[in-house]
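Below: the structure, in structure tokens.
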Amino acid sequence: KQCAQGGLLGIAECVFGLLCAAGWLWLGARTIRGCKVHLACQQFGSACFHAADLWQVLNGYSGDELVYNKTLGDWRTHNGIDYACAKDAAVQSPTAGTVVLAGSDGSWAHLAIKDSAGRVWRLCGVASPAVKEGETVSAGQTLGKVGSVSCECAEESHIHLEVKQDDSYLDPAKLMQ
């Protein structure tokens with residue numbers, strides 16, 4: 001009623017009201033998403049990649065598309081997926097396979113697992129590895145704790161997961177469906 005009666009001032013008030021309503025809806029959606037991530041953390045107590053649909057994705061796999069890296073301040077491809085996780089939460093293996101790296105590789109990977117198909121799953125941001133190179137792990141097995149990812153430290157606490165086969169990066173989300 002007021003919009004139809006108020007002329008220019010009434011229209012401005014209606015637009016302001018709609019913007020306020022949109023802001024509240026946006027805030028509510030973010031709060032619900034945050035609660036969903038928090039509840040997933042409580043339910044699983046770890047970075048359980050088999051429940052990846054419950055985890056907030058901070059940065060998705062970009063393929064050949066360039067994306068902005070907040071820490072390094074440049075544009076580059078993002079060859080994995082960043083999953084928000086609580087610092088020091090347990091990190092579980094996204095796949096079964098053989099540990100081919102446990103510790104730093106001199107760049108930024110902290111743990112890598114080679115699966116039966118020959119793909120290498122690299123988990124960056126794993127502190128205090130609970131497994132050693134050469135060990136066989138099962139999907140869901142605890143690998144260590146959430147630490148930090150050095151080249152993505154401007155982001156909130158997370159695990160960076162990427163999959164490589166030969167010289168090609170693969171989208172981890174497609175492999176976990």
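Fair warning: this is a prediction, and the values are worked out from it, not measured in the lab.
- Residues Glu162 and Tyr169 form a side-chain contact, since some pair of their non-hydrogen atoms from C-beta on lies under 4.5 Å apart.
- In terms of heavy-atom proximity, Ser138 sits nearest to Ser93 at O-CB, 3.5 Å.
- Contact of the Ile81 side chain with the Asp171 side chain is registered, since non-hydrogen atoms from C-beta on lie closer than 4.5 Å.
- No path of Ile, Leu, Val, Met, Phe, Trp and Tyr side chains, each step under 4.5 Å between heavy atoms, connects Tyr83 with Val67, placing them in separate hydrophobic clusters.
- Side-chain contact between Pro94 and Leu123: present, with at least one pair of heavy atoms (C-beta onward) separated by less than 4.5 Å.
- Here the NE2-CZ distance, from His160 to Arg122, works out to 7.0 Å after rounding to the nearest 0.5 Å.
- In terms of the side-chain contact (heavy atoms from CB on, under 4.5 Å) criterion, residue partners of Thr142 (sequence neighbours excluded) are, by chain and number, Ala90, Gln92.
- Each of Val126 and Val120 belongs to its own hydrophobic cluster when Ile, Leu, Val, Met, Phe, Trp and Tyr are linked at side-chain heavy-atom distances under 4.5 angstrom.
- Remark: the backbone N or O of Gly125 is paired with a side-chain donor or acceptor of His110 at under 3.5 angstrom.
- Contact of the Ile159 side chain with the Asp82 side chain is not registered, since no non-hydrogen atoms from C-beta on lie closer than 4.5 Å.
- Linking Ile, Leu, Val, Met, Phe, Trp and Tyr whenever their side-chain heavy atoms come within less than 4.5 Å leaves Val91 and Val100 in two separate clusters.
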Considering only distance and modelled atom types, tabulate donor-acceptor pairs under 3.5 Å from the side chains of residues 111-119, sequence neighbours left out.
residue	atom	partner	partner atom	Å
Asp115	OD1	Ala117	N	3.0
Asp115	OD1	Gly118	N	3.1
Asp115	OD1	Arg119	N	2.9
Asp115	OD2	Arg119	NE	2.8
Asp115	OD2	Arg119	NH2	3.0
Asp115	OD2	Trp121	NE1	2.8

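- Distance check: Asp64 CG to Asn79 CG gives 9.0 Å after rounding to the nearest 0.5 Å.
- The shortest side-chain heavy-atom distance between Glu133 and Leu101 falls under the 4.5 Å cut-off.
- With rounding to the nearest 0.5 angstrom, the OH atom of Tyr61 is 12.0 Å from the CG atom of Leu161.
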